[in-house]
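Input: a single structure, listed below in structure tokens.
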Amino acid sequence: MAIEADSALVAITTGARTAGLNHVAELRSRLWGDNSEKDISRFMNDMRDVRDSNYHENKRALSAIFYLANIKTERHELDFSELITDERNALIRAMNHFRAVVSLFPKRLTLPN
């Protein structure tokens with residue numbers, strides 16, 4: 001029996017998508033160890049790059065991720081490697097939450113005139 005395209009699509013809630021992303025992150029950690037530190041550090045450095053024309057917006061976006069992770073403001077400037085394990089986990093969970101939310105954004109946004 002063939003799978004029909006319409007029946008293969010299932011709506012998934014943001015919470016379920018976030019939980020799934022977090023579960024995959026836990027599985028990756030168990031199976032292959034913590035190898036995301038390099039990528040997250042690069043991401044944080046890119047967001048803090050003062051030469052980027054969107055520097056201020058990038059810093060605000062990074063601060064929003066730290067805020068969602070409930071990391072205190074005075075620790076927002078630390079490198080990923082300087083965060084304690086609980087803060088690292090919270091930051092990754094917050095990033096997964098943002099990934100789930102962004103997937104719900106409208107596909108074709110237009111700026112108002």
Side-chain angles (χ1 to χ4, degrees):
M1 178 162 85
I3 297 175
E4 298 294 325
D6 291 338
S7 64
L9 299 175
V10 176
I12 185 169
T13 66
T14 306
R17 181 166 169 77
T18 302
L21 290 168
N22 288 331
H23 182 70
V24 169
E26 289 172 11
L27 290 175
R28 283 186 186 129
S29 180
R30 276 192 229 145
L31 296 174
W32 295 290
D34 183 21
N35 61 359
S36 62
E37 182 173 339
K38 181 179 168 185
D39 291 335
I40 295 173
S41 293
R42 180 205 41 81
F43 166 75
M44 290 172 65
N45 289 335
D46 288 347
M47 298 297 283
R48 293 173 174 156
D49 184 1
V50 296
R51 296 168 295 170
D52 190 314
S53 61
N54 290 322
Y55 168 72
H56 294 290
E57 291 83 2
N58 292 345
K59 286 278 291 188
R60 290 181 68 203
L62 186 59
S63 291
I65 296 169
F66 274 94
Y67 179 79
L68 184 61
N70 288 319
I71 296 173
K72 294 180 182 178
T73 305
E74 58 268 11
R75 298 187 55 80
H76 286 196
E77 294 301 318
L78 296 177
D79 290 330
F80 186 71
S81 62
E82 297 174 306
L83 298 174
I84 62 173
T85 304
D86 288 344
E87 291 171 330
R88 288 179 185 198
N89 286 336
L91 192 66
I92 291 168
R93 290 178 181 280
M95 292 171 84
N96 279 335
H97 189 113
F98 267 110
R99 289 180 67 198
V101 169
V102 168
S103 71
L104 299 176
F105 279 7
K107 301 294 182 232
R108 294 189 176 104
L109 297 172
T110 58
L111 292 171
N113 294 331

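In this chain, numbering begins with 1 at the start of the sequence shown. Heavy atoms only: backbone and side chains are in, while hydrogens, waters and symmetry mates are out.
For the pair R99 and R17, the tightest heavy-atom approach, listed with the atom from each and the gap, is O-NE, 4.1 Å. Residues E82 and R75 come closest through the heavy atom pair O-NH2, 3.6 Å. Taking every heavy atom of both residues into account, N58 and D46 meet most closely at ND2-O, 4.3 Å. Heavy-atom minimum distance, S36 versus I92: OG-CD1, 4.2 Å.
Within the model, atoms CD of E77 and CG of L62 stand 8.0 Å from one another, a figure rounded to the nearest 0.5 Å. Atom-to-atom distance recorded for T18:OG1 and F98:CZ is 11.0 Å, nearest 0.5 angstrom. Considering CE of M44 and CD1 of I65, their distance stands at 9.0 Å, rounded to 0.5 Å. Here the CZ atom belonging to F66 is positioned 9.0 Å from the NZ atom belonging to K59, to the nearest 0.5 angstrom. We find the CG-CD1 distance between L83 and I40 to be 9.5 Å, quoted to the nearest 0.5 Å. In this structure, the separation between CZ on F80 and CG on N45 is 12.0 Å, given to the nearest 0.5 Å.
Hydrophobic clustering keeps L21 apart from F43 (ILVMFWY residues linked when any side-chain heavy atoms are closer than 4.5 Å, directly or through intermediates). Transitive grouping of hydrophobic side chains (ILVMFWY, heavy atoms separated by less than 4.5 Å) keeps M47 and V101 in distinct clusters.
Sparse packing is recorded around CZ of R60, with 12 or fewer heavy atoms of other residues, nucleotides or ligands lying under 6.0 Å away. No more than 12 heavy-atom neighbours from other residues, nucleotides or ligands sit within 6.0 angstrom of CG on L111.
Between the side chain of S29 and the backbone N or O of A25 there is no donor-acceptor pair closer than 3.5 Å. Side-chain atoms of S41 do not come within 3.5 Å of backbone N or O of K38 as any donor-acceptor pair. Looking at H76, its side chain does come within 3.5 Å of a backbone N or O of I71 through a donor-acceptor pair. The main-chain N or O of S81 is never found under 3.5 Å from a side-chain atom of D79 such that the two would form a donor-acceptor pair.
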So R93 and N70, side-chain contact (heavy atoms from CB on, under 4.5 Å) or not? Walk me through it. CA-CA 11 Å; R93 290 178 181 280; N70 288 319; over 6 Å; no

Give the intermediate values and the outcome of salt bridge (Lys or Arg N to Asp or Glu O under 4.0 Å) for residues K72 and E87. CA-CA 10 Å; K72 294 180 182 178; E87 291 171 330; over 6 Å; no

